[in-house]
**Q** 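My structure is below; once you've seen it, I'll send some questions.
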Amino acid sequence: MEERIDVLRKIQIALSLEIVNEDLFKKPLTKISGVDLAFTRQEAIIASVIVSYPSLDDLEVKTLVTELNFPYVPTLLCFREGPAIVKMINSLRSKVDVFMINSHGIAHPFICGCASYVGVLTQKPTIGVASSNLCSKYDYKPQEEGKALPVYYEGRTVGWILKSKAKSRPIFVSPGHLVGLDSSLRITKECLRDHKLPEPLFRAHRLANEEKNRIL
DNA sequence: GCGACAG
DNA sequence: ATCTTGTCGC
């Protein structure tokens with residue numbers, strides 16, 4: 001069992017070497033997809049909401065149901081959710097410029113959060129947005145709405161802690177793949193409206209749960 | 001050794 | 001994440 005984890009660690013480290021944190025997404029940016037999952041006993045409902053950028057109008061919504069085969073293990077989330085997200089991305093008809101994934105990107109102990117994992121496997125630009133911290137260090141939390149402070153891991157900047165909504169806990173943003181550090185924050189901020197999470201993710205989260213309740 | 005630990 | 005009622009606050 002420990003050997004099993006060792007193999008997965010090596011995969012993460014190998015994938016981390018493939019990550020490119022430069023702005024190689026299409027410009028001007030016109031389509032962003034938020035991807036999130038909801039769970040039932042033995043399956044996952046995965047939702048993608050593609051919105052126009054920067055107007056954020058819904059362009060295409062889609063859900064898929066898939067089986068889960070890997071448990072949730074902190075730092076190994078990509079092996080649980082990654083395959084389903086890749087399946088969703090590969091099934092979309094619209095050409096999406098950047099994917100926002102509900103997870104961390106490079107702000108990960110092995111530099112391989114689920115957003116980075118998905119980006120490398122699909123070679124699509126990705127940004128990771130999480131509601132809580134995993135391994136980053138930061139000096140203090142931003143207090144003013146809209147403000148962000150860098151977060152570090154082993155001495156280098158790997159993302160941001162962003163006060164996305166006045167009376168909510170801050171969120172954690174980190175580039176996944178084919179997106180730079182600054183752009184990951186800028187794009188995320190441009191997608192903020194009335195919720196703590198950026199619109200693509202807020203809508204994908206809501207859609208996944210609506211679909212889950214519908215099929216139950 | 002102990003605690004912490006995305007979803 | 002999920003299982004769950006009411007409840008406090010914007």
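Note that this is a predicted model, so its numbers are computed, not measured. Just so we're on the same page: letters track the sequence lines, and every chain starts at 1.
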**Q** Mind checking A/Thr75 for me? I need base, sugar-phosphate or nothing, with any heavy atom below 4.0 Å counting as a touch.
**A** base
**Q** Just compare B/dA6, B/dG7, C/dC3 and give me whichever is closest to any side-chain atom of A/Asp36.
**A** B/dG7
**Q** Atom CD1 of A/Ile106 and atom C1' of B/dA6: how far apart are they, to the nearest Å?
**A** 15 Å
**Q** Nearest to the A/Glu81 side chain among B/dA6, B/dG7, C/dA1, which nucleotide is it?
**A** B/dG7
**Q** Separation of A/Arg80 atom CZ from B/dA6 atom C1', in whole Å?
**A** 12 Å
**Q** What residue among A/Ile45, A/Val49, A/Ile46, A/Asp36 forms side-chain contact (heavy atoms from CB on, under 4.5 Å) with A/Leu207?
**A** A/Val49
**Q** In which stems does DNA chain B show up, taking only runs of three or more Watson-Crick or G-U wobble pairs whose two distances fall under 3.5 Å?
**A** none
**Q** So with a 6.0 Å cut-off around NZ of A/Lys10, is the heavy-atom count from everything else above 12?
**A** no
**Q** Taking atom types as modelled, find out whether A/Asp97 and A/Thr30 have a side-chain donor-acceptor pair closer than 3.5 angstrom.
**A** yes
**Q** Looking at A/Ser103 and A/Leu77, what are the two nearest heavy atoms and their distance?
**A** CB-CD2, 4.0 Å
**Q** Taking the side chain as every heavy atom from C-beta outward, state whether A/Phe99 and A/Val118 have any pair of such atoms under 4.5 Å apart.
**A** no
**Q** Within this structure, what is the CH2-to-P distance between A/Trp160 and B/dA6, rounded to whole angstrom?
**A** 23 Å
**Q** Nearest of C/dC10, B/dA6, C/dT2 to any side-chain atom of A/Phe39?
**A** C/dT2
**Q** Choose from C/dT2, B/dG7, B/dA6 the nucleotide whose nearest atom is closest to any side-chain atom of A/Ala38.
**A** C/dT2
**Q** Report the relative orientation of the aromatic rings in A/Tyr117 and A/Phe79; use parallel for angles under 30°, tilted for 30 to 60°, perpendicular for over 60°.
**A** perpendicular
**Q** Would A/Tyr72 pass as stacked on B/dG7, i.e. its ring centre under 5.5 Å from the base's six-membered ring centre and planes under 30° apart?
**A** yes
**Q** Whole angstroms only, please: what is the NZ-P distance between A/Lys137 and B/dA4?
**A** 12 Å
**Q** Whole-Å distance between C/dT2 C1' and A/His205 NE2?
**A** 11 Å
**Q** Taking any heavy-atom pair under 4.0 Å as a contact, classify A/Asp194: base, sugar-phosphate, or nothing.
**A** nothing
**Q** Kindly point out which of B/dG7, C/dA1, B/dA6 is positioned nearest to the side chain of A/Leu134?
**A** B/dA6
**Q** Between C/dA1, B/dC5, C/dC10, which nucleotide has the shortest distance from any of its atoms to the side chain of A/Pro74?
**A** B/dC5
**Q** Expressed in angstrom and rounded to an integer, what is the separation of A/Phe172 atom CZ from B/dA4 atom C1'?
**A** 14 Å
**Q** A/Leu149 and A/Lys141: which non-hydrogen atoms are nearest, and at how many Å?
**A** CD1-C, 3.9 Å
